[in-house]
Amino acid sequence: QVQLVESGGGLVQAGGSLRLSCAASGRTFSTSTSTMGWFRQVPGKEREFVARVSGGNTWYADSVKGRFTMSRDLTANTVYLQMNSLKPEDTGVYYCAAGKVVGTAYRFDYWGQGTQVTVSS
């Protein structure tokens, strides 16, 4: 079983920064060999993709490109999402996810409990 625990959310003013962490655990699980992702959701809307790292590549949603950076600490089995120049529309619950490549798509099988990010204008 894989467990993902997010932390680092909070309230910040527009233009500010936050760093989210996602600590992963599991008997044979490693963030270095898994696809890891960050998603976010606001009430009444579907969960949306924010960033993903798989192998040596990282992808970002257009809405966060140039402002957010996803990284991994392989020794700590932890992934991070550094969020700069935050905007009110970045507000939401941010979820960490772990999964794998299936064919030409990604499937995320494990999810954290989420951490709230609120950006005030």
Side-chain angles (χ1 to χ4, degrees):
Q1 187 71 0
V2 176
Q3 286 192 321
L4 304 173
V5 179
E6 302 101 333
S7 61
L11 173 64
V12 65
Q13 286 190 330
S17 298
L18 283 174
R19 188 175 83 153
L20 305 183
S21 300
C22 172
S25 62
R27 191 169 60 88
T28 59
F29 180 80
S30 171
T31 57
S32 64
T33 55
S34 297
T35 293
M36 302 297 298
W38 285 98
F39 295 77
R40 66 188 180 191
Q41 188 170 24
V42 296
K45 292 189 177 181
E46 290 190 359
R47 191 172 297 184
E48 66 171 354
F49 165 75
V50 174
R52 176 182 70 241
V53 60
S54 184
N57 299 310
T58 309
W59 294 264
Y60 298 94
D62 288 342
S63 59
V64 307
K65 234 175 246 182
R67 300 187 298 120
F68 290 13
T69 303
M70 184 174 183
S71 61
R72 289 187 283 195
D73 181 339
L74 301 183
T75 59
N77 223 16
T78 299
V79 295
Y80 303 97
L81 185 67
Q82 177 67 44
M83 307 186 294
N84 299 327
S85 302
L86 282 161
K87 304 175 181 180
E89 51 264 42
D90 294 319
T91 294
V93 178
Y94 282 69
Y95 296 91
C96 174
K100 58 187 176 184
V101 177
V102 179
T104 58
Y106 297 90
R107 189 181 77 198
F108 290 94
D109 297 315
Y110 304 100
W111 295 82
Q113 81 289 352
T115 186
Q116 176 71 45
V117 171
T118 303
V119 184
S120 63
S121 57

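Small disclaimer: the values here were computed from a predicted structure and weren't measured.
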Checklist line | Any donor-acceptor pair under 3.5 Å from Gln13 side chain to Ser120 backbone | finding: no
Note to self: If only side-chain N and O atoms count, and only distance matters, is there a donor-acceptor pair under 3.5 Å linking Thr75 with Asp73?
What the structure shows: yes
Next item on the list: Quick one: do Tyr106 and Trp59 satisfy side chain to side chain contact (heavy atoms under 4.5 Å, CB included)? Show the steps, please.
Entry: CA-CA 12 Å; Tyr106 297 90; Trp59 294 264; 3.4 Å; yes
Next item on the list: Examine distances only and state if a side-chain atom of Glu6 and a backbone atom of Cys96 form a donor-acceptor pair shorter than 3.5 Å.
Entry: yes
Check: Linking I/L/V/M/F/W/Y whenever any side-chain heavy atoms sit under 4.5 Å apart, do Leu74 and Val2 land together?
Finding: no
Next item on the list: List the atom of Ala51, the atom of Leu81, and the distance in Å for their closest heavy-atom pair.
Entry: CB-CD1, 4.3 Å
Check: Between Gln41 (side chain) and Gly92 (backbone), is there a donor-acceptor pair under 3.5 Å?
Finding: no
Notebook entry, point to check: Between Tyr110 and Gln1, is there a donor-acceptor pair closer than 3.5 Å when you use the side chain of the first and the backbone of the second?
Noted result: no
Margin query: The test is side chain to side chain contact (heavy atoms under 4.5 Å, CB included); show your working for Val117 and Arg40 and say whether it passes.
Written below: CA-CA 9 Å; Val117 171; Arg40 66 188 180 191; over 6 Å; no
Item checked: Cluster check Val93, Val79: I/L/V/M/F/W/Y, side chain < 4.5 angstrom -> no
Item checked: From Glu89 atom CD to Ser121 atom OG, the distance as rounded to the nearest 0.5 Å -> 10.0 Å
Next item on the list: Mind running side chain to side chain contact (heavy atoms under 4.5 Å, CB included) on Val42 and Glu48 for me, showing each step along the way?
Entry: CA-CA 9 Å; Val42 296; Glu48 66 171 354; over 6 Å; no
Item checked: Atom pair CD/CZ of Gln82 and Arg19 - distance to nearest 0.5 Å -> 7.0 Å
Notebook entry, point to check: Which class fits the ring pair Tyr94 and Phe68: parallel under 30°, tilted 30 to 60°, perpendicular over 60°?
Noted result: tilted
Notebook entry, point to check: What distance separates Cys22 SG from Met70 CE, expressed to the nearest 0.5 Å?
Noted result: 8.0 Å
Check: Do the side chains of Val64 and Leu86 join up, straight or via other hydrophobic residues, at under 4.5 Å, putting them in one cluster?
Finding: yes
Next item on the list: Count the heavy atoms belonging to other residues, nucleotides or ligands that lie under 6.0 Å from CD of Gln3, then report whether that count exceeds 12.
Entry: no
Checklist line | Residue pair Ala97 / Phe108: nearest heavy atoms and the distance that separates them | finding: CB-CD2, 3.5 Å
Notebook entry, point to check: Could you state the interatomic distance from CZ (Arg52) to CZ (Phe39), rounded to the nearest 0.5 Å?
Noted result: 7.5 Å
Next item on the list: Would you confirm whether Thr118, through its side chain, and Thr91, through its main-chain N or O, come within 3.5 Å as a donor-acceptor pair?
Entry: no
Next item on the list: Starting at CG of Leu20, measure out to CE of Met83 and round the result to the nearest 0.5 Å.
Entry: 3.5 Å
Item checked: Euclidean distance, Trp38 CH2 relative to Phe49 CZ, rounded to 0.5 Å -> 13.0 Å
Margin query: Do Tyr60 and Val50 land in one hydrophobic cluster if side-chain heavy atoms of ILVMFWY residues count as linked below 4.5 Å?
Written below: yes
Check: Of all heavy-atom pairs between Thr78 and Ser21, which one has the smallest distance, and what is that distance?
Finding: CG2-CB, 4.4 Å
Next item on the list: May I ask you to say whether Lys87 pairs ionically with Asp90, meaning some side-chain N is under 4.0 Å from a carboxylate O?
Entry: no
